[in-house]
Amino acid sequence: MKLFHTADWHLGKLVQGVSMTDEQRFVLQQFTKAIAEEKPDAVIIAGDLYDRAVPPTDAVNLLDEVLETIVLKLKTPVIAVSGNHDSPGRLNFGSRMMKSNGLYIRGQLKKDMEPIVIQDEFGEVHFHLVPYADPSQVRHILEDEEIRTHDDAMKKMVAHIESTMDSSKRHVMVGHAFVTPHGEEEENTSDSERPLAIGGAEYVSASHFKNFHYTALGHLHQAHYVLNETVRYSGSPLKYSISEEHHQKGFHIVQMDELGNVSVEKRLLTPNRDIRTVEGKMEDILLQEMNHDYVFVKLLDETPILFPMEKIRSVYPNAMHVERKLVSVTKDNEESTVGSRRKMDDLALFNAFYEEVKGVQVSEETEKIFKEVLQEFLLEQQEITSPGKKEGLKI
(Lines give C-alpha, C1' and ligand atoms only; values in the text may rest on other atoms or scores of the structure.)
Protein backbone atom coordinates (compact mmCIF):
# COMPACT_ATOMS: atom_id res chain seq x y z
CA MET A 1 0.00 0.00 0.00
CA LYS A 2 1.22 3.46 -0.92
CA LEU A 3 0.32 6.34 1.42
CA PHE A 4 0.96 10.07 1.26
CA HIS A 5 1.46 11.49 4.76
CA THR A 6 1.04 15.25 5.25
CA ALA A 7 -0.05 17.52 8.12
CA ASP A 8 -0.18 21.06 9.48
CA TRP A 9 -1.52 22.84 6.42
CA HIS A 10 -2.70 25.75 8.62
CA LEU A 11 -4.95 27.12 5.90
CA GLY A 12 -5.76 30.76 6.62
CA LYS A 13 -2.38 31.35 8.25
CA LEU A 14 -1.09 34.90 8.63
CA VAL A 15 2.67 35.43 8.91
CA GLN A 16 3.52 38.91 10.19
CA GLY A 17 0.01 39.91 9.13
CA VAL A 18 0.45 38.59 5.58
CA SER A 19 -2.02 35.95 4.31
CA MET A 20 -0.37 32.73 3.17
CA THR A 21 -3.38 31.44 1.22
CA ASP A 22 -1.89 32.01 -2.25
CA GLU A 23 1.40 30.42 -1.15
CA GLN A 24 -0.51 27.46 0.29
CA ARG A 25 -2.45 27.03 -2.94
CA PHE A 26 0.87 27.02 -4.85
CA VAL A 27 2.38 24.10 -2.87
CA LEU A 28 -0.90 22.17 -2.58
CA GLN A 29 -1.20 22.21 -6.36
CA GLN A 30 2.17 20.43 -6.42
CA PHE A 31 0.84 17.99 -3.85
CA THR A 32 -2.29 17.16 -5.86
CA LYS A 33 -0.18 16.83 -9.01
CA ALA A 34 1.98 14.23 -7.22
CA ILE A 35 -1.19 12.36 -6.23
CA ALA A 36 -2.36 12.35 -9.85
CA GLU A 37 1.01 11.03 -11.03
CA GLU A 38 1.80 8.48 -8.29
CA LYS A 39 -1.73 7.32 -7.45
CA PRO A 40 -1.39 6.54 -3.73
CA ASP A 41 -3.96 4.28 -2.09
CA ALA A 42 -4.76 6.98 0.48
CA VAL A 43 -3.73 10.44 1.69
CA ILE A 44 -3.29 11.09 5.43
CA ILE A 45 -3.66 14.61 6.86
CA ALA A 46 -2.58 14.47 10.52
CA GLY A 47 -4.31 17.57 11.88
CA ASP A 48 -4.28 21.38 11.74
CA LEU A 49 -5.96 21.64 8.36
CA TYR A 50 -6.93 25.18 9.36
CA ASP A 51 -4.94 27.71 11.37
CA ARG A 52 -7.88 28.74 13.54
CA ALA A 53 -11.33 27.57 14.55
CA VAL A 54 -13.20 30.01 12.32
CA PRO A 55 -11.04 30.24 9.21
CA PRO A 56 -11.41 32.97 6.58
CA THR A 57 -13.56 32.23 3.54
CA ASP A 58 -10.59 31.90 1.18
CA ALA A 59 -9.10 29.20 3.43
CA VAL A 60 -12.39 27.25 3.48
CA ASN A 61 -12.61 27.55 -0.30
CA LEU A 62 -9.04 26.33 -0.71
CA LEU A 63 -9.67 23.23 1.42
CA ASP A 64 -12.86 22.66 -0.56
CA GLU A 65 -10.91 22.84 -3.85
CA VAL A 66 -8.10 20.55 -2.70
CA LEU A 67 -10.37 17.87 -1.20
CA GLU A 68 -12.65 17.96 -4.24
CA THR A 69 -9.63 17.38 -6.48
CA ILE A 70 -8.16 14.56 -4.39
CA VAL A 71 -11.34 12.71 -3.40
CA LEU A 72 -13.78 13.30 -6.26
CA LYS A 73 -11.58 13.89 -9.29
CA LEU A 74 -8.59 11.68 -8.45
CA LYS A 75 -10.69 9.09 -6.54
CA THR A 76 -8.14 8.94 -3.73
CA PRO A 77 -9.38 8.40 -0.14
CA VAL A 78 -8.39 11.09 2.37
CA ILE A 79 -7.98 10.17 6.04
CA ALA A 80 -7.76 13.17 8.38
CA VAL A 81 -7.97 14.16 12.05
CA SER A 82 -8.40 17.53 13.70
CA GLY A 83 -5.44 19.26 15.35
CA ASN A 84 -5.22 21.74 18.20
CA HIS A 85 -5.82 24.66 15.78
CA ASP A 86 -8.94 23.12 14.23
CA SER A 87 -12.54 23.26 15.39
CA PRO A 88 -13.48 19.60 16.04
CA GLY A 89 -17.16 20.33 15.39
CA ARG A 90 -16.41 22.07 12.12
CA LEU A 91 -14.31 19.18 10.78
CA ASN A 92 -16.68 16.53 12.15
CA PHE A 93 -19.72 18.05 10.46
CA GLY A 94 -21.17 15.78 7.76
CA SER A 95 -18.50 13.13 8.29
CA ARG A 96 -20.99 10.28 7.72
CA MET A 97 -21.99 11.68 4.33
CA MET A 98 -18.36 12.24 3.37
CA LYS A 99 -17.40 8.59 3.96
CA SER A 100 -19.41 7.44 0.96
CA ASN A 101 -17.16 9.57 -1.25
CA GLY A 102 -13.92 8.46 0.39
CA LEU A 103 -13.36 11.39 2.76
CA TYR A 104 -12.80 10.20 6.33
CA ILE A 105 -12.45 13.08 8.80
CA ARG A 106 -12.55 12.54 12.53
CA GLY A 107 -12.86 15.87 14.28
CA GLN A 108 -14.10 14.78 17.69
CA LEU A 109 -12.76 12.06 19.93
CA LYS A 110 -15.21 9.27 20.76
CA LYS A 111 -15.01 6.24 23.00
CA ASP A 112 -16.09 4.07 20.08
CA MET A 113 -13.16 4.53 17.70
CA GLU A 114 -13.71 2.04 14.92
CA PRO A 115 -10.86 2.01 12.40
CA ILE A 116 -11.11 3.10 8.80
CA VAL A 117 -10.44 0.03 6.65
CA ILE A 118 -8.82 0.29 3.22
CA GLN A 119 -7.82 -2.72 1.13
CA ASP A 120 -4.88 -3.33 -1.17
CA GLU A 121 -3.81 -6.48 -3.00
CA PHE A 122 -2.60 -8.01 0.29
CA GLY A 123 -5.75 -7.39 2.32
CA GLU A 124 -6.94 -4.88 4.88
CA VAL A 125 -5.07 -1.97 6.42
CA HIS A 126 -6.73 -0.50 9.54
CA PHE A 127 -6.34 3.25 10.15
CA HIS A 128 -6.89 4.36 13.76
CA LEU A 129 -7.80 8.04 13.96
CA VAL A 130 -7.08 9.93 17.18
CA PRO A 131 -7.90 13.66 16.85
CA TYR A 132 -6.34 16.15 19.22
CA ALA A 133 -8.09 16.31 22.59
CA ASP A 134 -7.22 17.87 25.93
CA PRO A 135 -6.54 15.33 28.72
CA SER A 136 -9.66 16.53 30.56
CA GLN A 137 -11.77 15.57 27.52
CA VAL A 138 -10.14 12.14 27.31
CA ARG A 139 -10.63 11.66 31.04
CA HIS A 140 -14.35 12.32 30.59
CA ILE A 141 -14.78 10.20 27.44
CA LEU A 142 -12.90 7.17 28.81
CA GLU A 143 -14.27 7.71 32.34
CA ASP A 144 -10.78 7.42 33.81
CA GLU A 145 -9.86 9.81 36.63
CA GLU A 146 -6.17 8.84 36.43
CA ILE A 147 -5.70 10.76 33.16
CA ARG A 148 -3.94 14.05 33.89
CA THR A 149 -1.36 14.65 31.14
CA HIS A 150 -1.27 14.26 27.37
CA ASP A 151 0.94 11.20 27.86
CA ASP A 152 -1.65 9.63 30.19
CA ALA A 153 -4.37 10.37 27.64
CA MET A 154 -2.51 8.88 24.68
CA LYS A 155 -1.47 5.80 26.65
CA LYS A 156 -5.09 5.09 27.63
CA MET A 157 -6.43 5.78 24.13
CA VAL A 158 -3.88 3.45 22.54
CA ALA A 159 -4.66 0.74 25.10
CA HIS A 160 -8.37 1.19 24.29
CA ILE A 161 -7.64 0.77 20.56
CA GLU A 162 -5.35 -2.23 21.09
CA SER A 163 -8.00 -4.04 23.13
CA THR A 164 -9.97 -4.72 19.93
CA MET A 165 -7.14 -4.68 17.38
CA ASP A 166 -6.92 -7.64 14.97
CA SER A 167 -3.28 -8.71 15.11
CA SER A 168 -3.56 -10.41 11.70
CA LYS A 169 -4.09 -7.04 10.00
CA ARG A 170 -1.78 -4.11 9.31
CA HIS A 171 -2.34 -1.02 11.46
CA VAL A 172 -1.68 2.70 10.98
CA MET A 173 -2.12 5.28 13.75
CA VAL A 174 -3.01 8.87 12.79
CA GLY A 175 -2.65 11.43 15.59
CA HIS A 176 -1.84 15.01 16.54
CA ALA A 177 0.42 15.40 19.58
CA PHE A 178 3.86 16.47 20.81
CA VAL A 179 5.67 13.12 20.72
CA THR A 180 9.21 12.66 22.05
CA PRO A 181 11.21 9.41 22.41
CA HIS A 182 10.24 8.75 26.03
CA GLY A 183 7.84 11.59 26.83
CA GLU A 184 10.69 13.88 27.89
CA GLU A 185 10.65 17.63 27.34
CA GLU A 186 11.98 18.88 24.00
CA GLU A 187 11.95 22.19 22.18
CA ASN A 188 9.26 22.77 19.59
CA THR A 189 10.55 22.70 16.02
CA SER A 190 8.86 26.05 15.28
CA ASP A 191 7.95 29.18 17.23
CA SER A 192 4.77 29.46 15.12
CA GLU A 193 3.19 26.53 16.98
CA ARG A 194 1.54 27.28 20.31
CA PRO A 195 2.08 24.94 23.31
CA LEU A 196 -0.52 22.29 24.15
CA ALA A 197 0.10 22.57 27.90
CA ILE A 198 2.74 23.77 30.35
CA GLY A 199 5.02 22.21 32.93
CA GLY A 200 5.89 19.12 30.87
CA ALA A 201 2.26 17.97 30.59
CA GLU A 202 2.13 18.14 26.77
CA TYR A 203 4.79 15.53 25.90
CA VAL A 204 3.84 12.02 24.75
CA SER A 205 6.10 8.96 24.65
CA ALA A 206 6.70 7.37 21.25
CA SER A 207 6.81 3.96 22.95
CA HIS A 208 3.00 3.94 23.01
CA PHE A 209 2.95 3.36 19.25
CA LYS A 210 5.13 0.24 19.13
CA ASN A 211 2.29 -2.04 17.99
CA PHE A 212 1.41 0.03 14.93
CA HIS A 213 3.15 -0.60 11.63
CA TYR A 214 3.23 3.14 10.94
CA THR A 215 2.31 6.20 13.00
CA ALA A 216 1.48 9.37 11.06
CA LEU A 217 1.81 12.42 13.29
CA GLY A 218 1.02 16.11 13.06
CA HIS A 219 1.77 19.14 15.28
CA LEU A 220 5.53 19.66 14.92
CA HIS A 221 6.43 21.54 11.75
CA GLN A 222 9.77 19.89 10.98
CA ALA A 223 9.73 16.45 9.35
CA HIS A 224 11.48 13.81 11.46
CA TYR A 225 11.01 10.42 13.06
CA VAL A 226 10.76 9.77 16.80
CA LEU A 227 12.46 6.81 18.51
CA ASN A 228 12.16 4.63 15.42
CA GLU A 229 11.56 5.23 11.73
CA THR A 230 7.92 4.12 11.77
CA VAL A 231 6.82 6.99 14.05
CA ARG A 232 7.01 10.13 11.93
CA TYR A 233 6.08 13.77 11.56
CA SER A 234 5.62 14.88 7.97
CA GLY A 235 6.10 18.53 8.92
CA SER A 236 4.16 21.42 7.41
CA PRO A 237 4.13 21.88 3.61
CA LEU A 238 5.21 25.52 3.92
CA LYS A 239 7.37 27.66 6.22
CA TYR A 240 5.28 29.61 8.72
CA SER A 241 7.94 31.55 10.63
CA ILE A 242 11.60 32.50 10.37
CA SER A 243 12.34 29.75 12.93
CA GLU A 244 11.50 27.29 10.11
CA GLU A 245 13.99 28.92 7.73
CA HIS A 246 16.18 25.84 7.39
CA HIS A 247 13.37 23.25 7.25
CA GLN A 248 13.03 21.15 4.10
CA LYS A 249 9.28 21.23 3.51
CA GLY A 250 7.33 18.47 1.79
CA PHE A 251 5.45 15.25 2.57
CA HIS A 252 6.19 11.56 3.11
CA ILE A 253 5.53 8.76 0.64
CA VAL A 254 5.04 5.61 2.70
CA GLN A 255 5.24 2.16 1.10
CA MET A 256 3.86 -0.74 3.16
CA ASP A 257 4.36 -4.37 2.14
CA GLU A 258 2.15 -7.37 2.90
CA LEU A 259 3.84 -7.89 6.30
CA GLY A 260 3.49 -4.27 7.35
CA ASN A 261 7.13 -3.35 6.79
CA VAL A 262 7.40 0.27 5.67
CA SER A 263 9.82 2.39 3.69
CA VAL A 264 9.55 6.18 3.68
CA GLU A 265 10.62 8.68 1.05
CA LYS A 266 10.64 12.44 1.66
CA ARG A 267 9.23 14.40 -1.30
CA LEU A 268 10.03 18.12 -1.29
CA LEU A 269 7.64 20.92 -2.22
CA THR A 270 8.95 24.12 -3.83
CA PRO A 271 7.51 27.36 -2.41
CA ASN A 272 6.53 30.26 -4.62
CA ARG A 273 8.31 32.61 -2.20
CA ASP A 274 10.79 31.47 0.43
CA ILE A 275 10.95 32.70 4.03
CA ARG A 276 14.56 33.50 4.88
CA THR A 277 17.00 35.84 6.62
CA VAL A 278 18.94 38.58 4.85
CA GLU A 279 21.88 40.01 6.79
CA GLY A 280 24.18 42.87 5.92
CA LYS A 281 24.72 46.60 5.87
CA MET A 282 22.01 48.71 4.28
CA GLU A 283 24.23 50.00 1.47
CA ASP A 284 25.13 46.43 0.45
CA ILE A 285 21.52 45.18 0.63
CA LEU A 286 20.34 48.02 -1.61
CA LEU A 287 22.79 46.85 -4.30
CA GLN A 288 21.16 43.41 -4.51
CA GLU A 289 18.76 42.37 -7.25
CA MET A 290 15.00 42.66 -6.76
CA ASN A 291 13.64 39.58 -4.94
CA HIS A 292 10.07 38.72 -3.86
CA ASP A 293 10.85 36.30 -1.02
CA TYR A 294 9.46 36.95 2.47
CA VAL A 295 12.61 38.15 4.20
CA PHE A 296 13.57 39.02 7.75
CA VAL A 297 16.39 41.54 7.57
CA LYS A 298 19.19 41.94 10.13
CA LEU A 299 21.08 45.17 9.60
CA LEU A 300 24.73 45.26 10.59
CA ASP A 301 24.94 49.06 10.50
CA GLU A 302 26.26 50.50 13.75
CA THR A 303 24.28 53.72 13.36
CA PRO A 304 20.48 53.97 13.16
CA ILE A 305 18.86 54.01 9.71
CA LEU A 306 15.92 56.28 8.93
CA PHE A 307 12.89 54.54 7.38
CA PRO A 308 14.69 51.16 7.03
CA MET A 309 11.63 49.20 5.86
CA GLU A 310 10.95 51.67 3.06
CA LYS A 311 14.50 51.28 1.81
CA ILE A 312 14.52 47.47 2.18
CA ARG A 313 11.25 47.13 0.26
CA SER A 314 12.77 48.84 -2.76
CA VAL A 315 14.75 45.57 -3.14
CA TYR A 316 12.57 43.12 -1.17
CA PRO A 317 8.93 44.21 -1.69
CA ASN A 318 7.68 41.41 0.61
CA ALA A 319 10.09 42.10 3.48
CA MET A 320 8.37 41.16 6.74
CA HIS A 321 10.70 42.44 9.44
CA VAL A 322 13.80 44.62 9.84
CA GLU A 323 16.00 44.81 12.92
CA ARG A 324 19.50 45.90 13.80
CA LYS A 325 21.71 43.04 14.91
CA LEU A 326 22.92 44.46 18.20
CA VAL A 327 24.79 42.74 21.00
CA SER A 328 23.80 43.23 24.62
CA VAL A 329 25.79 42.31 27.73
CA THR A 330 24.17 40.34 30.56
CA LYS A 331 24.82 40.93 34.25
CA ASP A 332 27.37 38.11 34.08
CA ASN A 333 29.19 40.01 31.32
CA GLU A 334 28.16 37.39 28.77
CA GLU A 335 27.30 38.65 25.29
CA SER A 336 23.90 37.71 23.90
CA THR A 337 22.12 38.68 20.70
CA VAL A 338 19.13 40.94 21.17
CA GLY A 339 16.04 39.00 20.25
CA SER A 340 17.21 35.72 21.78
CA ARG A 341 14.20 35.81 24.07
CA ARG A 342 12.00 35.07 21.09
CA LYS A 343 13.16 31.45 21.44
CA MET A 344 11.92 31.23 25.05
CA ASP A 345 8.63 29.59 25.99
CA ASP A 346 5.96 31.48 27.96
CA LEU A 347 7.19 30.34 31.36
CA ALA A 348 10.83 31.19 30.62
CA LEU A 349 9.80 34.61 29.31
CA PHE A 350 7.83 35.30 32.49
CA ASN A 351 10.76 34.26 34.67
CA ALA A 352 13.18 36.47 32.69
CA PHE A 353 10.81 39.45 32.77
CA TYR A 354 10.13 39.06 36.50
CA GLU A 355 13.84 38.87 37.34
CA GLU A 356 14.62 41.90 35.16
CA VAL A 357 11.87 44.03 36.75
CA LYS A 358 12.09 42.85 40.37
CA GLY A 359 15.80 42.05 40.53
CA VAL A 360 15.15 38.65 42.15
CA GLN A 361 14.23 35.22 40.88
CA VAL A 362 10.62 34.06 40.79
CA SER A 363 9.51 32.21 43.90
CA GLU A 364 8.00 28.74 43.60
CA GLU A 365 4.63 30.07 44.79
CA THR A 366 4.57 32.89 42.18
CA GLU A 367 5.62 30.50 39.42
CA LYS A 368 2.89 28.07 40.43
CA ILE A 369 0.26 30.85 40.22
CA PHE A 370 1.52 31.88 36.79
CA LYS A 371 1.38 28.28 35.54
CA GLU A 372 -2.21 27.93 36.73
CA VAL A 373 -3.27 31.16 35.03
CA LEU A 374 -1.45 30.24 31.82
CA GLN A 375 -3.00 26.77 31.79
CA GLU A 376 -6.47 28.30 32.21
CA PHE A 377 -5.72 30.62 29.29
CA LEU A 378 -4.62 27.71 27.08
CA LEU A 379 -7.79 25.79 27.92
CA GLU A 380 -9.89 28.85 27.08
CA GLN A 381 -8.13 29.10 23.72
CA GLN A 382 -8.87 25.43 23.02
CA GLU A 383 -12.54 26.02 23.88
CA ILE A 384 -12.57 28.92 21.43
CA THR A 385 -11.29 26.54 18.74
CA SER A 386 -14.18 24.16 19.55
CA PRO A 387 -17.23 26.46 19.31
CA GLY A 388 -19.73 23.64 18.85
CA LYS A 389 -21.38 21.43 16.29
CA LYS A 390 -23.41 24.13 14.58
CA GLU A 391 -20.57 25.19 12.34
CA GLY A 392 -20.25 23.29 9.09
CA LEU A 393 -17.39 22.38 6.80
CA LYS A 394 -17.90 23.27 3.18
CA ILE A 395 -16.92 20.30 1.01
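As a basis for the values below, the full set of heavy atoms in this structure was taken, side chains included, without hydrogen atoms, waters or symmetry mates.
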* **Arg25 and Asp22 ion-paired at < 4.0 Å** => yes

* To do: Report the C-alpha distance between Asp301 and Arg324 in whole Å, list the side-chain angles of each, state the deciding distance to 0.1 Å, and finish with yes or no for salt bridge (charged side-chain N to carboxylate O under 4.0 Å, His left out).
  => CA-CA 7 Å; Asp301 299 81; Arg324 289 172 62 202; over 6 Å; no

* Note, Gln137 side chain near Leu109 side chain (heavy atom, < 4.5 Å) -> no

* **Side chain proximity check, Pro237 to Gln24, heavy atoms < 4.5 angstrom** => no

* Asked: Is a side-chain donor-acceptor pair under 3.5 Å present for Asn228 with Thr230?
  -> yes

* Any side-chain heavy-atom pair of Met20 and His10 under 4.5 Å -> no

* To do: For His176 and Ala46, indicate whether the former's side chain and the latter's backbone hold a donor-acceptor pair under 3.5 Å.
  => yes

* If you look at every heavy atom in Val362 and Glu367, which pair is closest and at what distance? -> CG1-N, 3.6 Å

* **His150-Phe178 aromatic ring centre distance below 6.0 Å** => no

* Asked: Should the pair His321 and Phe296 be assigned to parallel (<30°), tilted (30 to 60°) or perpendicular (>60°) ring geometry?
  -> tilted

* Looking only at heavy atoms, what is the nearest atom pair of Phe209 and Ser205, with distance? -> CE1-O, 3.9 Å

* Can you check side-chain contact (heavy atoms from CB on, under 4.5 Å) on Ile44 and Phe127, steps first, answer last? -> CA-CA 10 Å; Ile44 296 171; Phe127 294 82; 4.0 Å; yes

* Asked: So, do Asp152 and Asp144 sit near enough that their side-chain heavy atoms are less than 4.5 Å apart?
  -> no

* Is there side-chain contact between Pro308 and Glu323, with at least one heavy-atom pair below 4.5 Å? -> no

* Taking side chain as C-beta onward, heavy atoms only, is Asp48 less than 4.5 Å from Trp9? -> no

* Under a 4.5 Å cut-off applied to non-hydrogen side-chain atoms, are Tyr214 and Met1 in contact? -> no

* To do: Return the minimal non-hydrogen interatomic distance between Ala223 and Ser234, and the atom names on each side.
  => CB-O, 3.3 Å

* Considering residues, nucleotides and ligands other than Glu146, do more than 12 of their heavy atoms fall under 6.0 Å from its CD? -> no

* Asked: Under 3.5 Å, side chain of Lys73 to main-chain N/O of Ile70, donor-acceptor pair present?
  -> no

* If Ile, Leu, Val, Met, Phe, Trp and Tyr residues are connected whenever their side-chain heavy atoms lie under 4.5 Å apart, and connections chain through other members, are Tyr225 and Phe212 in the same group? -> no

* Flag, side chain of His252 to backbone of Tyr233, donor-acceptor distance under 3.5 Å -> yes

